[in-house]
Amino acid sequence: MTDVLPFQAEIERFMARHHYERLEPRAALIDMDGTLYDSMPGHARAWHQMMGEIGVATTREEFFFYEGRTAASTIDIVFNRELGRGTTPDEVERLYGRKKEIFNAMPTAPVMPGVAEVLRAFTDTGMQCVLVTGSGQATLIDRLSSDFPGVFSRELMVTSKDVEHGKPHPEPFIRGMQKVGVKPSQCIVLENAPLGVKAGNRAGAFTIGVATGPIPPEELAKAGAAVTFDSMTSCAEAIHSLLLSICLISAGR
Ligand code: CA
């Protein structure tokens, strides 16, 4: 191979890091909040308001850094810091219930610009799309079939109910791989948050990190993203050449 392909260095670096002979993308494991939907500002606002209602001090921004964690883990971090204690399952149910109530009363989160094109690139190349989210927000999960018709199926979803450990633990993505019956070298993860990227990389998947909020692409690269983009629309512009390069580099070995 004489000419340098787009993303060649990134792809080869990833393969060397994971000791892969080749990559054969068959499944795309796709995060929901901040990736499919521009919902993170709303989630951050809802968490901040709920904590304010019970007199616990937080900043709206900190919730962007907890993105991907389970509700219990998020509440635990804040409670340990502010109250010097962890949380109980009853408390989590009540407080997460209230947070969901606040979120659901907000205007519906828009579909992330560019993501439909990225999904089409996956399905056009015969890849199976699997939702892998730490969320248990039924309102967004229910919208998937109308917003992205024919892309996701109910049977191929990993939500907060399916896992014991949330991101950054690799379990959610490993469960996604098991649902489709593919190996890590056959998966591409699409993520927007450092903890999600970390989980995807730990699961052994080629992880695309897209900075769709206040956290810069460098943080996603540090978390283990194989490639990063500064927006979903720039990811959409590059995704075809990225997938082609992966195939050509794998075939050339
Ligand atoms: Ca996310």
Is a donor on one side and an acceptor on the other found under 3.5 Å between the side chain of [X] and the backbone of [Y]?
| X | Y | value |
| --- | --- | --- |
| Glu24 | Gln186 | no |
| Arg17 | Ala226 | no |
| Thr233 | Ser231 | no |
| Lys179 | Met157 | yes |
| Ser245 | Pro6 | yes |
| Arg202 | Pro168 | yes |
| Asn201 | Lys198 | no |
| Thr212 | Gly34 | yes |

Working to the nearest 0.5 Å, report the span between [atom1] of [X] and [atom2] of [Y].
| X | Y | atom1 | atom2 | answer |
| --- | --- | --- | --- | --- |
| Asp33 | Asp38 | CG | CG | 10.0 Å |
| Leu119 | Thr35 | CG | OG1 | 10.0 Å |
| Ile30 | Phe122 | CD1 | CZ | 5.5 Å |
| Ile77 | Tyr66 | CD1 | OH | 5.5 Å |
| Tyr20 | Lys183 | OH | NZ | 9.5 Å |
| Leu36 | Leu131 | CG | CG | 6.5 Å |

Could you walk me through whether Trp47 and Ile75 satisfy the side chain to side chain contact (heavy atoms under 4.5 Å, CB included) test, starting with their C-alpha distance in whole Å, then the side-chain angles of each, then the deciding distance to 0.1 Å, before giving a yes or no? CA-CA 9 Å; Trp47 277 116; Ile75 298 169; 3.7 Å; yes
Can you check whether [X] reaches [Y] side chain to side chain, under 4.5 Å on heavy atoms?
| X | Y | result |
| --- | --- | --- |
| Thr125 | Pro25 | no |
| Phe14 | Phe7 | no |
| Val197 | Ile208 | no |
| Arg143 | Tyr37 | yes |
| Glu237 | Glu117 | no |
| Leu5 | Ile249 | yes |
| Phe79 | Glu91 | yes |
| Ser250 | Cys247 | no |

So that I can tick it off, tell me whether [Y] and [X] are bridged by a salt bridge, with the cut-off set at under 4.0 angstrom between side-chain N and carboxylate O.
| X | Y | value |
| --- | --- | --- |
| Arg69 | Asp76 | no |
| Glu191 | Lys167 | yes |
| Glu62 | Arg81 | yes |
| Arg175 | Glu164 | no |
| Asp124 | Arg120 | no |
| Asp142 | Arg154 | yes |
| Arg13 | Glu10 | no |
| Arg98 | Glu53 | yes |

Assess whether atom CD of Glu93 is packed by more than 12 heavy atoms of other residues, nucleotides or ligands within 6.0 Å.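 12 or below, so no.
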In one Ile/Leu/Val/Met/Phe/Trp/Tyr side-chain cluster, 4.5 Å: [X], [Y]:
| X | Y | value |
| --- | --- | --- |
| Leu190 | Met127 | yes |
| Met32 | Val118 | yes |
| Val158 | Val189 | yes |
| Phe206 | Val132 | no |
| Ile246 | Leu244 | yes |

What are the two closest heavy atoms between [X] and [Y], and how far apart are they?
| X | Y | answer |
| --- | --- | --- |
| Ala223 | Pro194 | CB-O, 3.4 Å |
| Val182 | Ala27 | CG2-CB, 4.0 Å |
| Ala211 | Pro216 | CB-C, 4.2 Å |
| Val163 | Pro172 | CG1-CA, 3.7 Å |
| Gly42 | Met106 | O-CE, 3.5 Å |
| Glu67 | Phe64 | CB-O, 3.3 Å |

Looking at His48, Glu82, Gln49, which hits side-chain hydrogen bond (donor to acceptor under 3.5 Å, both in side chains) with Thr58? His48
With no hydrogens and no angle check, just 3.5 Å: does a side-chain donor-acceptor pair link Ser73 and Thr70? no
Let's go through Val227 and Leu242 carefully: what are the C-alpha distance in whole Å and the side-chain angles of both, what is the deciding distance for side chain to side chain contact (heavy atoms under 4.5 Å, CB included) to 0.1 Å, and is it a yes or a no? CA-CA 9 Å; Val227 291; Leu242 174 60; 4.0 Å; yes
Only one of Val130, Leu144, Asp147 forms a side-chain contact (heavy atoms from CB on, under 4.5 Å) with Phe152, so which one is it?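 When Val130, Leu144, Asp147 are each tested with Phe152, the side-chain contact (heavy atoms from CB on, under 4.5 Å) holds only for Leu144.
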If you apply the rule ring-ring contact (aromatic ring centres under 6.0 Å, His included), what do you find for Phe103 with His43, and how did you get there? CA-CA 6 Å; Phe103 181 80; His43 282 297; 4.0 Å; yes
